[in-house]
Amino acid sequence: MAPRPAWKGYLKLSLVSCAVELTGATDHSEKVSFRILNRKTGNTVRRQYIDSVTGKPVPDDDEVKGYEIGDDEYLLVEEDEIDAVQIESSHTLAIEHFVDRDDIPQIYFDMPYYVTPSDDASEEAFAVIREAMARQDKAGIARIVLYRRERPVMIEPFDKGLLLTTLRYDKTVRKPDEVFAGIAKSKLDPELIELATHIIDKKQAAFDPSHFEDGYEAALLELIQAKQKGRKPPVVQAAERPANVVNLFDALKKSLAGDSGAKRPASKTPASKTPASKTPAAGKAAARKSAAKPRKSA
């Protein structure tokens, strides 16, 4: 069954427009999900709104949205009144300007959607807009009303169509200084950085999302299958939590040896320092000095 479009409207570039539709680029339907049951009867239960003053259930027809305008004072707003609120971005993706995709920090990206022409008459205009964007290697910035919220979006060529990614508002993104301000700056040992760099080199690989597996999902399925067959749920030992590194120099050397089986690369030690033949003890002493400085996790 074809996925249901999340939005239908028009893509507009200056005076050129075409009918398009958005389809969610991700699917969570196959994930393990649970229903809430009555333990005593085994029946499913349903949620019900309760009047906060009378304590009585509220029938569906009596439920209405309210906007708080004072202490315990609300303005009632009907669903059809909300549906009647329409602005241009409710039905039109008007590309306002173009940017280099790399200029948008990753932290602003939210949810991805595929954009496709919604009828045969729109295919030519859609293809022209897509091809022009691809040749210029640019991403378009627009706005869209999706799920009753206007959202800034980025639109870019993707495969045979376009990919629309909703963007977060600047006011909703915490500034790095709010979180990273407590990380102290320290002078790092070049040899430690060199070792870490070689570990990264040894671990390089082509990106392949087909290798991603949800280990927690697999463990849940194993639990469910065991219960279905009347067996006791498997006892899983919790993974050992890593301890703080006491000797960073030794930890890096062991990591490099474990990943590649290769010997530690020769250190590029300045002439004023101890030559490459310095003893392991001297290296450990340097590592202890570096590790002695408190570090905070990012």
Side-chain angles (χ1 to χ4, degrees), residues 1-31 33 65 77-173 206-214 217:
M1 181 183 294
R4 184 178 179 181
W7 183 91
K8 286 188 175 184
Y10 294 88
L11 174 65
K12 182 179 179 183
L13 173 61
S14 190
L15 299 179
V16 180
S17 62
C18 58
V20 297
E21 57 187 34
L22 266 62
T23 304
T26 58
D27 180 18
H28 303 283
S29 61
E30 297 301 319
K31 289 292 183 182
S33 61
K65 285 182 168 60
V77 183
E78 302 292 341
E79 291 290 339
D80 58 353
E81 293 176 319
I82 296 176
D83 290 337
V85 175
Q86 295 287 321
I87 59 177
E88 182 186 19
S89 56
S90 298
H91 52 75
T92 303
L93 271 168
I95 300 178
E96 300 170 3
H97 53 270
F98 291 90
V99 300
D100 290 328
R101 188 188 191 281
D102 292 342
D103 287 346
I104 304 177
Q106 186 74 24
I107 198 170
Y108 286 93
F109 295 157
D110 193 7
M111 292 295 295
Y113 294 85
Y114 294 131
V115 184
T116 55
S118 59
D119 55 47
D120 293 342
S122 299
E123 288 185 357
E124 183 179 19
F126 179 88
V128 169
I129 294 173
R130 184 207 167 281
E131 182 63 23
M133 293 173 65
R135 290 189 182 187
Q136 291 293 96
D137 195 21
K138 296 291 182 179
I141 300 298
R143 286 174 288 172
I144 185 176
V145 174
L146 198 59
Y147 307 119
R148 290 181 171 175
R149 291 286 186 273
E150 187 179 51
R151 306 159 194 269
V153 300
M154 178 191 72
I155 305 171
E156 60 184 323
F158 188 86
D159 203 86
K160 296 180 180 179
L162 295 170
L163 182 69
L164 177 148
T165 305
T166 57
L167 303 175
R168 298 183 176 95
Y169 284 101
D170 187 57
K171 63 184 179 182
T172 68
V173 176
F207 176 71
D208 185 357
S210 66
H211 291 166
F212 296 165
E213 294 183 2
D214 190 336
E217 180 94 354

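Along the sequence shown, the residues carry numbers beginning at 1. Side chains are part of it too, since the values below use all heavy atoms of this structure and drop only hydrogens, waters and symmetry mates.
Between Met111 and Thr26 there is a side-chain heavy-atom pair separated by less than 4.5 Å. No side-chain heavy atom of Val115 sits under 4.5 Å from any side-chain heavy atom of Phe158. When side chains are defined from C-beta on, Tyr114 counts as touching Leu163, because their heavy atoms get closer than 4.5 Å. Residues Ile87 and Arg143 form no side-chain contact, since every pair of their non-hydrogen atoms from C-beta on lies 4.5 Å or further apart. Two residues are said to be in side-chain contact when any heavy atoms from C-beta on lie closer than 4.5 Å; Ile155 and Leu93 meet this criterion. Between Leu167 and Phe109 the shortest side-chain heavy-atom distance falls below 4.5 Å. Within the 4.5 Å cutoff, the side chain of Ser122 has no heavy atoms near those of the Val20 side chain. Glu21 has its side chain within reach of Lys8: a pair of non-hydrogen atoms, C-beta onward, lies under 4.5 Å apart.
Taking all atoms of both residues into account, the shortest heavy-atom contact from Tyr169 to Pro152 is CZ-CD, 3.5 Å.
In this structure, the side chain of Glu213 does not engage the main chain of Ser210 through any donor-acceptor pair within 3.5 Å.
The only option from Leu146, Leu162, Val153 that meets the side chain to side chain contact (heavy atoms under 4.5 Å, CB included) definition with Tyr113 turns out to be Leu146. Checking Gln136, Met133, Glu131 one by one against Pro157, the side chain to side chain contact (heavy atoms under 4.5 Å, CB included) holds for a single residue, Met133.
Between the OG1 atom of Thr165 and the CZ atom of Arg101 there is a distance of 6.5 Å, given to the nearest 0.5 Å.
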